[in-house]
Structure formats: structure tokens, C-alpha cells
Amino acid sequence: QVQLVDSGGGLVQVGGSLRLSCAASGRTFSSYAMGWFRQAPGKEREFVAAITWSAGSTYYADSVKGRFTISRDNAKNSVYLQMNSLKPEDTAVYYCAAVAGSVRCYTRSCYSQKTSYDYWGQGTQVTVSS
């Protein structure tokens, strides 16, 4: 069993930055690919970014490419999402998620599917004000 705890959300102005964190329990975190998703009110949960277990590859939604950076620190059982140049349309609840073995992903398409992930954090609210 893996538990994920998201944090770091808040209220920020347009153009500002936030860094989200996700702390994971369990000794096998370093073997999991990790992803970030977001869900705005009235919308489906959508893919934001993903990182492989070794951090050798990262994947991004087109809407955040060049503005957001996903990273991980396996020694701290943590994954991060650095968000820069924030826009009002980035307002959402952000969730981290873990690919823990039921699915093996090798493509961005796979990482962008919610069904590829086995565990989810509780979410952290990001609000970008104009």
C-alpha cells in the first residue's frame, strides 16, 4: 500500500510561481513512475506531467510545456511540480499519482491515462487570480 500526500497549493497572481510537493510512504517509491493531474470545477481530471522511476524521462501536457517542471528525489520519497508563469486556466485541484506496477508505461500516451495509476494523493488547491 502506498500513501501519497500532496501539498504546496495556494493562491497566486497571474505570472507567479508555486511548487507542489508529493510525499510518498513505502520503501519502493523509487520503483514507481509518478504523475501529476489536475481537475478544475466541472471538468474532467486531466494529465499535467509524469516522470519515470529513474527521472530519465519526463512528459508534459501541451498546455504546461515550458512552464511546469516535474522532478523527484527518491531519497526523500518525494515528487515535485514547479509551476511558473501561472495562468488563470491553471486553477484546479492538483493530484499526484503513482504507477505502482499494475501497468507498465513506456509512452506519453500511457502516462497521460488516469487508469495507468494505482494510487492518488488527496489533492491540493491551486488558484491563480487575474
Side-chain angles (χ1 to χ4, degrees):
Q1 189 74 8
V2 175
Q3 289 190 325
L4 304 175
V5 179
D6 308 318
S7 63
L11 175 64
V12 63
Q13 292 188 329
V14 170
S17 298
L18 279 175
R19 188 192 194 211
L20 305 184
S21 298
C22 174
S25 65
R27 293 173 294 177
T28 54
F29 171 80
S30 60
S31 66
Y32 303 154
M34 298 294 296
W36 287 97
F37 285 72
R38 67 186 181 186
Q39 188 166 15
K43 294 190 175 181
E44 293 288 320
R45 190 170 299 189
E46 66 174 6
F47 170 72
V48 175
I51 188 167
T52 55
W53 68 273
S54 65
S57 295
T58 56
Y59 305 88
Y60 296 94
D62 290 341
S63 58
V64 307
K65 200 174 296 182
R67 300 188 298 122
F68 291 10
T69 302
I70 188 171
S71 61
R72 67 188 297 160
D73 185 339
N74 287 341
K76 295 183 178 179
N77 277 16
S78 293
V79 64
Y80 309 99
L81 186 68
Q82 177 67 44
M83 306 186 295
N84 299 328
S85 302
L86 283 161
K87 305 176 180 180
E89 52 264 41
D90 295 318
T91 295
V93 178
Y94 284 70
Y95 300 87
C96 72
V99 181
S102 62
V103 172
R104 289 198 176 271
C105 286
Y106 301 98
T107 65
R108 179 186 176 282
S109 176
C110 181
Y111 284 115
S112 69
Q113 300 298 314
K114 295 187 292 292
T115 53
S116 297
Y117 295 82
D118 300 282
Y119 300 101
W120 293 83
Q122 84 286 359
T124 185
Q125 175 71 48
V126 171
T127 303
V128 184
S129 66
S130 56

Is the side chain of [X] donor-acceptor paired with the backbone N or O of [Y] at a distance under 3.5 Å, no angle test?
X: Tyr117; Y: Ala33; answer: no
X: Ser78; Y: Lys76; answer: yes
X: Arg45; Y: Gln39; answer: no

Residues in salt bridge (charged side-chain N to carboxylate O under 4.0 Å, His left out) with Arg108, at least two apart?
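Salt bridge (charged side-chain N to carboxylate O under 4.0 Å, His left out) check on Arg108 returns nothing, list empty.
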
Those residues that, when tested against Arg38, pass salt bridge (charged side-chain N to carboxylate O under 4.0 Å, His left out) (two or more places apart):
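In terms of salt bridge (charged side-chain N to carboxylate O under 4.0 Å, His left out), with neighbours along the sequence ignored, Arg38 is linked to Glu46, Asp90.
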
Of all residues at least two apart in sequence or in a different chain, which pass the side chain to side chain contact (heavy atoms under 4.5 Å, CB included) check with [X]?
X: Ser54; answer: Thr52
X: Gln82; answer: Ser17, Arg19, Thr69, Asn84
X: Thr28; answer: Ser31, Tyr32
X: Thr115; answer: Gln113

Identify whether Phe68 and Trp36 are in the same connected component of the hydrophobic contact network (ILVMFWY, side-chain heavy atoms under 4.5 Å).
yes

Is there a continuous path of hydrophobic side-chain contacts, each under 4.5 Å between heavy atoms, that joins Phe37 to Leu18?
no

For Met83 and Leu20, which heavy atoms make the closest approach, and how far apart are they?
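Taking every non-hydrogen atom into account, CE-CG, 3.7 Å.
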
Which residue pairs pass the disulfide bond (SG atoms under 2.5 Å apart) test with at least one member in [range], sequence neighbours excluded?
range: residues 41-89; result: none
range: residues 97-130; result: Cys105-Cys110
range: residues 47-78; result: none

Say you draw a straight line from [atom1] of [X] to [atom2] of [Y]; how long is it, rounded to the nearest 0.5 Å?
X: Ser21; Y: Asp73; atom1: OG; atom2: CG; result: 10.5 Å
X: Met34; Y: Asn77; atom1: CE; atom2: CG; result: 9.5 Å
X: Ser130; Y: Leu86; atom1: OG; atom2: CG; result: 13.0 Å

How is the hydrophobic cluster of Trp53 composed, in terms of its other members, when Ile, Leu, Val, Met, Phe, Trp and Tyr link through side-chain heavy atoms under 4.5 Å apart, directly or indirectly?
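Other cluster members: none.
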
Would one find more than 12 heavy atoms of other residues, nucleotides or ligands at under 6.0 Å from atom NZ of Lys65?
yes

List the steps, then state whether side-chain contact (heavy atoms from CB on, under 4.5 Å) holds for Arg72 with Ile70.
CA-CA 7 Å; Arg72 67 188 297 160; Ile70 188 171; over 6 Å; no

Option from Val48, Val126, Thr124 for which side-chain contact (heavy atoms from CB on, under 4.5 Å) with Leu81 holds
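Result: among Val48, Val126, Thr124, Val48 is the only option passing the side-chain contact (heavy atoms from CB on, under 4.5 Å) with Leu81.
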
Result block: side-chain N/O donor-acceptor pairs under 3.5 angstrom for residues 4-13, not counting sequence neighbours:
| from | atom 1 | to | atom 2 | distance (Å) |
| --- | --- | --- | --- | --- |
| Asp6 | OD1 | Cys96 | N | 3.3 |
| Asp6 | OD2 | Gln122 | N | 3.3 |
| Asp6 | OD2 | Gly123 | N | 2.7 |

ring-ring contact (aromatic ring centres under 6.0 Å, His included) contacts touching residues 73-111 (sequence neighbours left out)
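For residues 73-111: Tyr59-Tyr111.
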
